[in-house]
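Heads up: the structure comes next, in structure tokens.
For ligands, and for the atoms within them, numbers begin at 1 and follow the listed sequence. Values below: every heavy atom of this structure, side chains too, minus hydrogens, waters and symmetry copies.
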Amino acid sequence: MTASPVRPVIIAANWKMNTTPAGAGGLAADIAAATNIPGVIRVICPPFVCLEVVGRALAGSGVAIGAQNVHAEQAGAYTGEIAAAMLAGLASWCIVGHSERRRDQGEDDIQVARKLARCAEHGLRPILCVGEQLADRQAGRAEATVRRQLEQTVAELRRLGQALPADLVVAYEPVWAIGTGLTARGSDASAMARLIRKTLGAAGSATPGAVPVLYGGSVTSSTIGEFLAEPELDGALVGGASLKVEEMAGIVARAGMTAAGRDAVGSGGGGGR
Ligand code: PGA
């Protein structure tokens, strides 16, 4: 029997439309200093206009920088938009298909797939966001919704002649939990992570068991433990709390415990390999 892969633990900060170039570097540096814990992959995703200053502030810190979005096309007449090629040297990760963009900009799975393709072409590691609305969960359609989002995305990628990016990260973010103070139950998020990997496997991913799945939706230093107690979950995409140094310190400290546990298993301490 093959052992399941030891997945990395990832904490990604989504600053959304917060911070300015004047303040972002200081905040990023403070977060980096407060979260320097071995084994946890840290990513900060500031607004586009703060990428450069955050990059300078984080140089040598080990914290990676991500964009919050990228355009689906390579270049052209798209006023106000940012193409993947423009992010060279500024970001190495990219959030794709966040529910706020699906809601406010009408992004659909077709565009999301094209954005994933742009990320793959330009060496951006994508964090693909999926998740159901409250009405979907109440009607028992949560899993079907997430499955459909993934299947449609993969189908469009296939139409474009592209495979799923090999370094794909998926964030399960129930829409009703984002910025509301409500969170999913750890067990529900874990079930969804299983479904996500199963769906990716059925859709042609060669190594679905190796795809990190993060939870997102009102994660704080007090709620992170419930999610990281679930072996199927590999970290979090953090919004509101990611603007607070103390919160990030607590979240990454808890993630460090999970990373240390996995490391012990991975190196034979727990007999896992
Ligand atoms: P939140 O946002 O932590 O503020 O709920 C999470 C997200 O939108 O990624």
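Ranked by closest heavy atom to atom 7 (C) of ligand 1, the top entry among Glu100, Glu247, Glu173 is Glu173.
At least one donor-acceptor pair closer than 3.5 Å links the side chain of Tyr215 to the backbone N or O of Ala184. Remark: the backbone N or O of Val175 is not paired with any side-chain donor or acceptor of Arg103 at under 3.5 angstrom. For Glu247 (side chain) and Ser221 (main-chain N/O), a donor-acceptor pair under 3.5 Å exists by modelled atom type. Not one N or O on the side chain of Arg118 forms a donor-acceptor pair closer than 3.5 Å with the backbone of His71.
Remark: ligand 1 and Lys16 share an N or O pair separated by less than 3.5 Å (distance only, no angle test). Between Gly179 and ligand 1, at least one pair of N/O atoms sits closer than 3.5 Å. Among the atoms of Gly239, some N or O lies under 3.5 angstrom from an N or O of ligand 1. At a 3.5 angstrom cut-off on N or O pairs, Gly240 counts as close to ligand 1.
Side-chain contact of Trp15 with Gln68: a donor-acceptor pair under 3.5 Å is absent, judged by distance alone. In the model, Tyr172 has no side-chain atom that pairs as donor or acceptor with a side-chain atom of Glu232 under 3.5 Å.
Residue contacts with ligand 1: Gly217 is included, with a non-hydrogen atom under 4.0 Å away.
Atoms of ligand 1 found under 4.0 Å from any heavy atom of His98 (numbered from 1 in listed order, with element): 7 (C), 8 (O), 9 (O). Near Ser218, the atoms of ligand 1 lying under 4.0 angstrom from a non-hydrogen atom of the residue are 1 (P), 3 (O), 5 (O).
Of all the heavy atoms of Ala177, the ones lying under 4.0 Å from any atom of ligand 1 belong exclusively to the backbone. The side chain of Asn14, and not its backbone, has at least one atom closer than 4.0 Å to an atom of ligand 1 (non-hydrogen atoms only; side chain from C-beta on).
In this structure, CE on Met192 lies 12.0 Å from CZ on Arg185, to the nearest 0.5 angstrom.
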